[in-house]
Amino acid sequence: LTSEYSIYEIPILPQWAGKSIAMLQIRQEYSINIIAIKNGNDLNPVPHAEYVFKSSDHVVVIGKSTDVFRLTAKT
């Protein structure tokens, strides 16, 4: 998108499984925004804060590259 911001598809952190977006406070904790959740061929665009992650989920996020790289280093 810009030299600083991009869109990425990344696997969730293992500790996210069974917890909701709201519970994890994704935006506040990681400075990224979830724009969709993918599980196999299923896409859930603009998920609600109550969405509970499954261990096989991937998230499509928008954010600063440095914030996304910091998050993916935790996997």
Across all chains, not counting sequence neighbours, the side-chain hydrogen bond (donor to acceptor under 3.5 Å, both in side chains) partners of Tyr5 are none
Using side-chain hydrogen bond (donor to acceptor under 3.5 Å, both in side chains) as the criterion, list what pairs up with Ser56, not counting sequence neighbours. Asn39
Which atoms form the tightest heavy-atom contact between [X] and [Y], and what is the distance?
| X | Y | answer |
| --- | --- | --- |
| Val61 | Val68 | CG2-CG2, 4.1 Å |
| Lys54 | Ala17 | C-CB, 4.3 Å |
| Gly18 | Val52 | C-CG1, 3.5 Å |

So which pairs with a foot in residues 30-39 pass salt bridge (charged side-chain N to carboxylate O under 4.0 Å, His left out), sequence neighbours left out? Glu9-Lys38
With side-chain contact (heavy atoms from CB on, under 4.5 Å) as the criterion, how do Ile32 and Ile62 come out once you've worked through the C-alpha distance, each side chain's angles and the decisive distance to 0.1 Å? CA-CA 6 Å; Ile32 59 171; Ile62 185 170; over 6 Å; no
Would you say the side-chain atoms of Tyr8 and Thr72 include a donor-acceptor pair closer than 3.5 Å? no
Is there side-chain contact between Leu71 and Ile10, with at least one heavy-atom pair below 4.5 Å? yes
Only pairs at least two apart or in different chains count here, so list each side chain to side chain donor-acceptor pair (under 3.5 Å) that has a residue in residues 12-32. Arg27-Asn33
Before giving the answer on side-chain contact (heavy atoms from CB on, under 4.5 Å), spell out for Val46 and Ile35 the whole-Å C-alpha distance, their side-chain angles and the decisive distance to 0.1 Å. CA-CA 5 Å; Val46 194; Ile35 56 176; 6.0 Å; no
Distance in Å, [X] [atom1] paired with [Y] [atom2], rounded so as to fall on 0.5 Å steps:
| X | Y | atom1 | atom2 | value |
| --- | --- | --- | --- | --- |
| Ile34 | Phe53 | CD1 | CZ | 4.0 Å |
| Ile37 | Tyr51 | CD1 | OH | 4.5 Å |
| Ile12 | Ile21 | CD1 | CD1 | 10.5 Å |

Applying salt bridge (charged side-chain N to carboxylate O under 4.0 Å, His left out) to Glu4 and not counting sequence neighbours gives Lys64
Going by side chain to side chain contact (heavy atoms under 4.5 Å, CB included), name the residues that satisfy it together with Ala49, two or more places apart in sequence or in a different chain. Ala22
